[in-house]
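Everything below concerns the one structure shown next.
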Amino acid sequence: MNDQRLSFKEMCARFDVTPRTLRYYEYIELLQPEREGRSRWYGPKEVARMTLILRGRKFGFQLEDIRQWLLIYEKDGTEAQMRAWIALADRQLGELAEQRKQLDQAIDELQKLRDDTAASLNS
């Protein structure tokens, strides 16, 4: 066996994902492992793609955005991918800033309600 390749089970363990997640990423064509009979093997390219997928998910990107971004790289190369990435990142930064604003408001409201309730107990 080639040391550069990971089995399905090794891929799940390395990235701490469920078999269902890995199969789904294959189903929506984010990953395309080599197949030998019923076995799947993931080479360096698939490992790199999985790293990017999980990084994108951490930042809140939709899987379709990640898929499109990976397709741009395959078809148009690195510069096009970087330009697409900048556009996606700009959009996601705006969305995350809005989520932060909403979260800060919810925290402020909850803190006030908690403080008011605590104050009424001490009256």
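Linking ILVMFWY residues whenever their side-chain heavy atoms come closer than 4.5 Å, directly or via other members, places Met50 and Leu63 in the same cluster. Linking ILVMFWY residues whenever their side-chain heavy atoms come closer than 4.5 Å, directly or via other members, places Tyr24 and Met11 in the same cluster.
Scored by the side chain to side chain contact (heavy atoms under 4.5 Å, CB included) test, Leu52 finds Arg55, Trp69, Leu70 as partners (sequence neighbours excluded). Remark: Glu95 pairs with no residue by the side-chain hydrogen bond (donor to acceptor under 3.5 Å, both in side chains) rule, at least two apart or across chains. In this structure, Arg38 has no salt bridge (charged side-chain N to carboxylate O under 4.0 Å, His left out) partners at least two apart in sequence or on a different chain. Phe61 pairs by the ring pair (Phe, Tyr, Trp, His ring centres under 6.0 Å) definition with Trp85, not counting sequence neighbours. With sequence neighbours left out, Thr117 forms a side chain to side chain contact (heavy atoms under 4.5 Å, CB included) with Leu113. Partners of Tyr25 according to the side-chain hydrogen bond (donor to acceptor under 3.5 Å, both in side chains) rule, which considers only residues two or more places apart in sequence or in another chain, do not exist here. With sequence neighbours left out, the side-chain hydrogen bond (donor to acceptor under 3.5 Å, both in side chains) criterion links Arg100 to no other residue. Applying the side-chain hydrogen bond (donor to acceptor under 3.5 Å, both in side chains) test to Gln102 and every residue at least two apart in sequence or in another chain returns Glu98.
Expressed to the nearest 0.5 Å, how far CZ of Arg14 lies from OH of Tyr42 amounts to 13.0 Å. Separating the CG atom in Asp104 from the NZ atom in Lys101 is a distance of 10.5 Å, to the nearest 0.5 Å. A distance of 8.5 Å separates CD1 in Ile28 from CD1 in Ile66, rounded to the nearest 0.5 Å. Of the inter-residue distances, the one linking Leu93 atom CG with Ile86 atom CD1 reads 11.5 Å to the nearest 0.5 angstrom. Rounding to the nearest 0.5 Å places OG1 of Thr51 at 3.5 Å from CZ of Phe15.
A donor-acceptor contact shorter than 3.5 Å is absent between the side chain of Arg35 and the backbone of Trp41. The closest donor-acceptor contact from the side chain of Gln92 to the backbone of Phe59 lies under 3.5 Å. Panel note: side chain Asp16, backbone Cys12; no donor-acceptor pair is recorded below 3.5 Å. Between the side chain of Glu26 and the backbone N or O of Pro33 there is no donor-acceptor pair closer than 3.5 Å.
The salt bridge (charged side-chain N to carboxylate O under 4.0 Å, His left out) contacts involving residues 109-119 comprise Lys112-Asp116, where partners must be two or more places apart or lie in separate chains. A salt bridge (charged side-chain N to carboxylate O under 4.0 Å, His left out) check over residues 78-90, counting only residues at least two apart or in different chains, returns the pairs Glu79-Arg83. Residue pairs meeting the salt bridge (charged side-chain N to carboxylate O under 4.0 Å, His left out) criterion with at least one member in residues 58-67, sequence neighbours excluded, are Glu64-Arg67, Asp65-Arg91.
Using a 4.0 Å cut-off between charged nitrogen and carboxylate oxygen, Glu10 and Arg5 do not count as a salt-bridge pair.
Side-chain contact between Ser39 and Phe8 is absent, with no heavy-atom pair separated by less than 4.5 Å.
Residues Glu29 and Arg49 come closest through the heavy atom pair O-NH2, 3.9 Å. Closest approach of Leu31 to Glu46, counting heavy atoms only: CA-OE1, 3.2 Å.
Leu103 forms part of a hydrophobic cluster together with Ile107, judged by ILVMFWY side-chain heavy-atom separations under 4.5 Å.
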